[in-house]
2 protein chains.
Amino acid sequence: MAARQDLLKGNIDTLLLSLISQQPMYGYQIMRELDGRSQGYFKFKEGTLYPALHRLEKAGLLQGNWRTITSGRQRRYYAITEKGRRILVEQTERWQDFFAAMNLIFRPQKPETQVSK
Amino acid sequence: MAARQDLLKGNIDTLLLSLISQQPMYGYQIMRELDGRSQGYFKFKEGTLYPALHRLEKAGLLQGNWRTITSGRQRRYYAITEKGRRILVEQTERWQDFFAAMNLIFRPQKPETQVSK
DNA sequence: ATAAATACCTAGGATATCTAGGTATGCGTT
DNA sequence: AACGCATACCTAGATATCCTAGGTATTTAT
């Protein structure tokens, strides 16, 4: 059977766009934010996160830039682009449609059960 | 970016278990039911559906059996097993948890926005 | 007779995520 | 000063899921 992580498929990009749209962030921070905000549900692996960020930057949805903090430590901050915001809106609608469709199967609304009492 | 179908990953099995738990069905019927009940959202491909049914039967969550109708046409009807029902309950809870976690990222509940009016 | 719908099946390709490794800096403790 | 841990980034290859694109065969409508 599918594991918990499989539900992520197709949603990681949207999750990242949504989080970063609220505030620019760097990779390590994103992992902690997703963990914290989801109350421990989302535990992103580095092998999932970093390739996803690179993919989104390459697609022009995020813009990354290096910042040096303290005396040499490097961080790559990602900010959402205009294109990214447009895609985020689309993806959010797509997610809502999908959720609605899933619920139509899980909880079928049969006409005969909606007869007025 | 991820396509619509990617959202299916990890959910097809749950979708099938849920549908078949309501009534035993055969493959072709399942395709039409998913399409109809979801108002055209779910258009399962045969290359998706049949391997999934075989996977679920092999895992003991569905039980299939052949029935001959009219003069030779064969249909394979699938019914959910007891094990399948247990898994369905688990997967449904898992789906709800996932939905809740997604929404915590999409619509973060900041404490300061919940101040009493 | 022919086309379309019904009804099943599978091999191989594409792609996303995870596993499991790697490098390097900063900080706290002993 | 040495050590471990947290921070901070990265990638190659394995795995698994779904789709593409093909196939066979029967029934029904034109």
Side-chain angles (χ1 to χ4, degrees), chain A residues 1-17 24-36 41-59 61-62 64-78 91 94 98 101-102, chain B residues 1-17 24-36 41-59 61-62 64-78 91 98 102:
Chain A
M1 282 297 297
R4 161 188 284 208
Q5 308 91 286
D6 291 321
L7 292 179
L8 265 185
K9 297 186 188 208
N11 287 308
I12 284 193
D13 292 357
T14 310
L15 220 41
L16 293 176
L17 285 179
M25 290 188 193
Y26 59 96
Y28 196 82
Q29 180 186 16
I30 290 168
M31 286 195 289
R32 278 189 284 109
E33 285 289 327
L34 285 175
D35 187 354
Y41 187 93
F42 290 124
K43 304 275 192 189
F44 270 46
K45 305 300 157 56
E46 298 181 331
T48 300
L49 177 65
Y50 289 111
L53 289 173
H54 301 161
R55 199 167 58 233
L56 290 170
E57 182 169 19
K58 196 173 176 187
L61 310 184
L62 292 181
N65 69 304
W66 288 104
R67 288 188 213 164
T68 303
I69 56 165
T70 65
S71 60
R73 173 74 57 103
Q74 295 276 302
R75 285 176 181 164
R76 189 158 178 84
Y77 278 83
Y78 290 92
Q91 296 289 85
R94 196 183 63 118
F98 177 70
M102 285 288 282
Chain B
M1 283 296 299
R4 160 187 284 207
Q5 308 92 283
D6 291 321
L7 293 179
L8 267 185
K9 297 188 189 207
N11 286 308
I12 283 193
D13 293 357
T14 309
L15 221 41
L16 292 177
L17 284 180
M25 290 188 194
Y26 59 96
Y28 197 82
Q29 181 186 17
I30 290 168
M31 287 195 290
R32 278 188 286 109
E33 285 289 328
L34 286 175
D35 186 355
Y41 187 92
F42 289 124
K43 303 276 192 189
F44 271 46
K45 304 303 156 58
E46 298 181 332
T48 301
L49 178 65
Y50 289 111
L53 289 172
H54 300 162
R55 198 166 60 233
L56 290 170
E57 182 168 20
K58 195 172 178 186
L61 309 185
L62 292 181
N65 70 303
W66 287 105
R67 287 188 213 163
T68 303
I69 54 165
T70 64
S71 58
R73 171 76 55 104
Q74 295 276 300
R75 285 175 181 167
R76 189 158 178 84
Y77 278 83
Y78 290 93
Q91 296 289 87
F98 177 69
M102 285 287 283

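What you see below is based on every heavy atom in this structure, not just the backbone, and it leaves out hydrogens, waters and symmetry mates. Letters go in sequence order (proteins before strands), and every chain restarts at 1.
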Q: Taking only side-chain nitrogens and oxygens of A:K45, does any of them come within less than 4.0 Å of OP1 or OP2 of C:dT19?
A: yes

Q: For the pair made of CG in A:L53 and P in C:dA16, what is the distance, rounded to whole Å?
A: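 After rounding, the reported distance stands at 14 Å.
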
Q: Please give, in whole Å, the distance from C:dA7 P to B:M31 CE?
A: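 Interatomic distance, CE of B:M31 to P of C:dA7: 9 Å.
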
Q: Whole-Å distance between C:dA16 P and A:E46 CD?
A: 20 Å

Q: Could you tell me the separation between the CG atom of A:N11 and the P atom of D:dT17, rounded to a whole number of Å?
A: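 From A:N11 CG to D:dT17 P: 17 Å.
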
Q: Which whole-number value in Å describes the distance from B:K43 NZ to D:dC18 P?
A: 19 Å

Q: Kindly point out which of D:dA8, D:dC10, C:dC9 is positioned nearest to the side chain of A:I69?
A: D:dA8

Q: Between atom OH in A:Y28 and atom C1' in D:dC10, what is the gap in whole Å?
A: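 So the two atoms are 15 Å apart, to the nearest Å.
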
Q: Please walk me through it: do B:M31 and B:F42 pass side-chain contact (heavy atoms from CB on, under 4.5 Å)?
A: CA-CA 8 Å; B:M31 287 195 290; B:F42 289 124; over 6 Å; no

Q: Who are the side-chain contact (heavy atoms from CB on, under 4.5 Å) partners of B:A52, not counting sequence neighbours?
A: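 If we apply the side-chain contact (heavy atoms from CB on, under 4.5 Å) test to B:A52, skipping adjacent residues, the hits are B:I12, B:D13, B:L16, B:R55.
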
Q: Look at the side chain of B:R55 and decide which nucleotide, out of C:dT25, D:dC18, C:dC8, has an atom nearest to it.
A: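 Side chain of B:R55 sits closest to D:dC18.
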
Q: Consider the side chain of A:I12, meaning its heavy atoms from C-beta on, and name the nucleotide among D:dC9, C:dC9, C:dT17 that approaches it most closely.
A: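 Taking heavy atoms from C-beta onward, the closest nucleotide is C:dT17.
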
Q: Does C:dC8 have OP1 or OP2 under 4.0 Å away from a side-chain N or O of B:H54?
A: no

Q: Is any side-chain N or O of B:R73 closer than 4.0 Å to OP1 or OP2 of C:dA7?
A: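 So the side-chain polar atoms of B:R73 do come within 4.0 Å of the phosphate oxygens OP1 or OP2 of C:dA7, strictly under.
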
Q: Expressed in angstrom and rounded to an integer, what is the separation of A:R76 atom CZ from C:dT25 atom C1'?
A: 19 Å

Q: Side chain of B:R75, heavy atoms from C-beta onward: which of C:dC9, D:dC9, C:dA7 has the nearest atom to it?
A: C:dA7

Q: So, do A:L56 and A:Y78 sit near enough that their side-chain heavy atoms are less than 4.5 Å apart?
A: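 Answer no - side chains too far apart.
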
Q: Would you say the side-chain atoms of A:Q91 and A:R94 include a donor-acceptor pair closer than 3.5 Å?
A: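 Yes, side-chain donor-acceptor contact under 3.5 Å.
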
Q: Measure from CG on A:L49 to P on D:dC9 and round the result to the nearest Å.
A: 9 Å

Q: For D:dC10, take OP1 and OP2 only and decide whether either is under 4.0 Å from a side-chain N or O of A:Y50.
A: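 No.
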
Q: Going by heavy atoms in the side chains, are B:Y28 and B:R75 under 4.5 Å from each other?
A: no

Q: Among C:dA5, C:dC8, D:dT7, which is the nearest nucleotide to the side chain of A:R32?
A: D:dT7

Q: Using heavy atoms to find the nearest nucleotide of DNA chain C for B:Y26 and B:G47 separately, return the residue whose nucleotide is more 5′.
A: B:Y26

